[in-house]
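Okay, structure first, notes after.
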2 protein chains.
Amino acid sequence: MKYIEKLRNSGLRPTKQRLKICQVLFDSEKTFHFTVNDLAKKIKIKIDSNISLATIYNTVHAFEKKGYLKQIPINSSQTYFDTNVSDHHHFYDLNNDKLIDLENSDVGPINIKKKINGKKIKSVEVLVKLED
Amino acid sequence: MKYIEKLRNSGLRPTKQRLKICQVLFDSEKTFHFTVNDLAKKIKIKIDSNISLATIYNTVHAFEKKGYLKQIPINSSQTYFDTNVSDHHHFYDLNNDKLIDLENSDVGPINIKKKINGKKIKSVEVLVKLED
DNA sequence: TTTCTACTTTATAATGATTCTAAAAAGGTG
DNA sequence: CACCTTTTTAGAATCATTATAAAGTAGAAA
């Protein structure tokens, strides 16, 4: 099945639970943003099965480390993840805590002129806060 | 004293504790980044007095709401604040969890081309992740 | 298939930052 | 000073996340 490779690449055995998590994460047409709690609910609804939070955390973190998921840099009580792993940015609507993708092409090139000794840039992420 | 106005502007009475917090936050030559825990330690060392965490949280949040402090958008178990409230950005060194200011002039203009219906932009923040 | 071992899952406990609470203390106005 | 409101504080509560350890499963090898 198509998710086995993704799991193995992430250093995880393809178990029933993990394949179900993959289904919810990667089977949908559109990418989406989620917290671990959101994901747990979605799994319960879509797959009608209870997977323990520990397993979900474990799987999500492995995917994140491997680049199959991205963490969204934002201050919130929960950690937000994105199934869109392309190079892009976010709007954050302060009035309802919703995130909206901002494509790279909608921001234009960002040129970081300052260099830090011995360090290289891993990512450049823009967060645009919105209000009414 | 110079911090009384800042406190009153933030809707807070100038109490002994809050004036001490102001001293540590705003008396230094350079701006700095901190977590509430960092700040509590700094107060203990510099002012040699114990102010309860509840009071520090309360004061920091009031200043943040009023714009005398900024929250730094980043995923971390603790919330990071910045006494530099000018329009600027950050490097985040993943190897040691340290933040470094990135002045606006080191990034160049950022042009957000996408508009969201009925919403206005409150801030545009760039986070540049660094690694060895 | 059977066995064996390492990896998984899970419920539950532990952790740690932040928020809440309620009683005692302090601010500040008259 | 008197009074009332705000504040401080220690400690409890909350809540996301991580750790634990016992029972289950994957998968390689015989």
Side-chain angles (χ1 to χ4, degrees), chain A residues 1 3-25 33-44 47-66 69 71-81 97 99, chain B residues 1 3-25 33-44 47-66 69 71-81 97 99:
Chain A
M1 210 248 240
Y3 301 128
I4 292 179
E5 189 196 352
K6 224 163 196 164
L7 285 164
R8 290 224 186 273
N9 272 337
S10 309
L12 301 175
R13 284 187 182 168
T15 64
K16 287 194 219 66
Q17 289 89 340
R18 286 175 180 156
L19 288 168
K20 284 177 183 170
I21 294 172
C22 284
Q23 243 178 83
V24 175
L25 284 176
H33 307 123
F34 67 94
T35 66
V36 167
N37 249 308
D38 294 340
L39 184 56
K41 270 190 224 153
K42 213 164 181 170
I43 290 169
K44 208 169 285 176
I47 315 287
D48 189 37
S49 77
N50 277 318
I51 297 177
S52 77
L53 278 183
T55 298
I56 299 177
Y57 271 106
N58 161 333
T59 306
V60 164
H61 284 148
F63 282 152
E64 197 268 333
K65 189 183 283 179
K66 202 60 188 178
L69 290 173
Q71 259 190 256
I72 302 173
I74 197 180
N75 284 110
S76 173
S77 56
Q78 289 143 278
T79 302
Y80 278 85
F81 294 90
D97 285 338
L99 285 159
Chain B
M1 209 250 242
Y3 300 128
I4 293 179
E5 189 196 351
K6 223 163 198 164
L7 286 163
R8 291 223 184 274
N9 271 337
S10 308
L12 300 176
R13 286 186 181 168
T15 63
K16 287 195 219 66
Q17 289 88 341
R18 287 175 180 157
L19 287 168
K20 284 177 184 170
I21 293 172
C22 284
Q23 245 179 81
V24 175
L25 284 176
H33 307 123
F34 66 94
T35 66
V36 166
N37 249 307
D38 293 340
L39 184 56
K41 270 191 223 152
K42 212 164 183 171
I43 290 168
K44 208 169 284 178
I47 314 289
D48 190 37
S49 75
N50 277 318
I51 297 177
S52 77
L53 277 183
T55 299
I56 299 176
Y57 272 105
N58 159 334
T59 306
V60 164
H61 284 147
F63 282 153
E64 198 268 332
K65 188 183 283 180
K66 200 60 187 179
L69 290 175
Q71 260 190 253
I72 301 173
I74 196 181
N75 285 108
S76 172
S77 56
Q78 288 142 279
T79 301
Y80 278 86
F81 294 90
D97 285 339
L99 286 159

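Keep in mind the model is a prediction, meaning the values are calculated, not measured. Chain letters run A, B, ... following the sequence lines, proteins first and then strands; every chain starts at 1.
The stretch residues 9-21 of chain A touches DNA chain D through A/Arg13, A/Pro14, each having a heavy atom under 4.0 angstrom from the strand. A heavy atom lying under 4.0 Å from DNA chain D marks the following residues of residues 47-66 of chain B, by number: B/Asn50, B/Ile51, B/Ser52, B/Ala54, B/Thr55.
Using a 4.0 Å heavy-atom distance criterion, B/Thr79 is classed as a sugar-phosphate-only contact.
Taking the side chain as every heavy atom from C-beta outward, B/Thr79 and B/Val60 never approach each other to under 4.5 Å. Using a 4.5 Å heavy-atom threshold, the side chains of A/Cys22 and A/Phe63 count as touching.
B/Asn9 places no side-chain N or O within 3.5 Å of a backbone atom of B/Lys6 that could act as its donor or acceptor partner. Within the 3.5 Å criterion, the main-chain N or O of B/Arg13 finds a donor-acceptor partner in the side chain of B/Arg18. Under a 3.5 Å cut-off, the side chain of A/Thr55 and the backbone N or O of A/Ile51 do not form any donor-acceptor pair.
The distance between atom CG of A/Asp97 and atom C1' of D/dA16, rounded to the nearest whole Å, is 15 Å. Atom pair A/Gln71:CD and D/dA16:C1' shows a separation of 13 Å (rounding to whole Å applied). D/dT18 atom P lies 13 Å from atom CG of A/Asn37, rounded to whole Å.
On the nucleic acid side, DNA chain C contacts chain B at distances under 4.0 Å to non-hydrogen atoms, with the end points of that region at C/dA17 to C/dG28.
Here A/Asn50 contributes atom CG and A/Lys20 contributes atom NZ; the two are 9.5 Å apart, rounded to the nearest 0.5 Å. The distance from atom CD of B/Glu64 to atom CG of A/Asn75, rounded to the nearest 0.5 Å, is 8.5 Å. The distance from the CG atom of B/Leu69 to the CG atom of B/Leu25 is 5.5 Å, given to the nearest 0.5 Å.
Pairing each heavy atom of A/Ala62 with each of A/Leu12, the nearest pair is CB-CD1, 3.5 Å.
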*Carefully, step by step, assess A/Leu39 and A/Phe81 under the rule side-chain contact (heavy atoms from CB on, under 4.5 Å).*
CA-CA 10 Å; A/Leu39 184 56; A/Phe81 294 90; over 6 Å; no

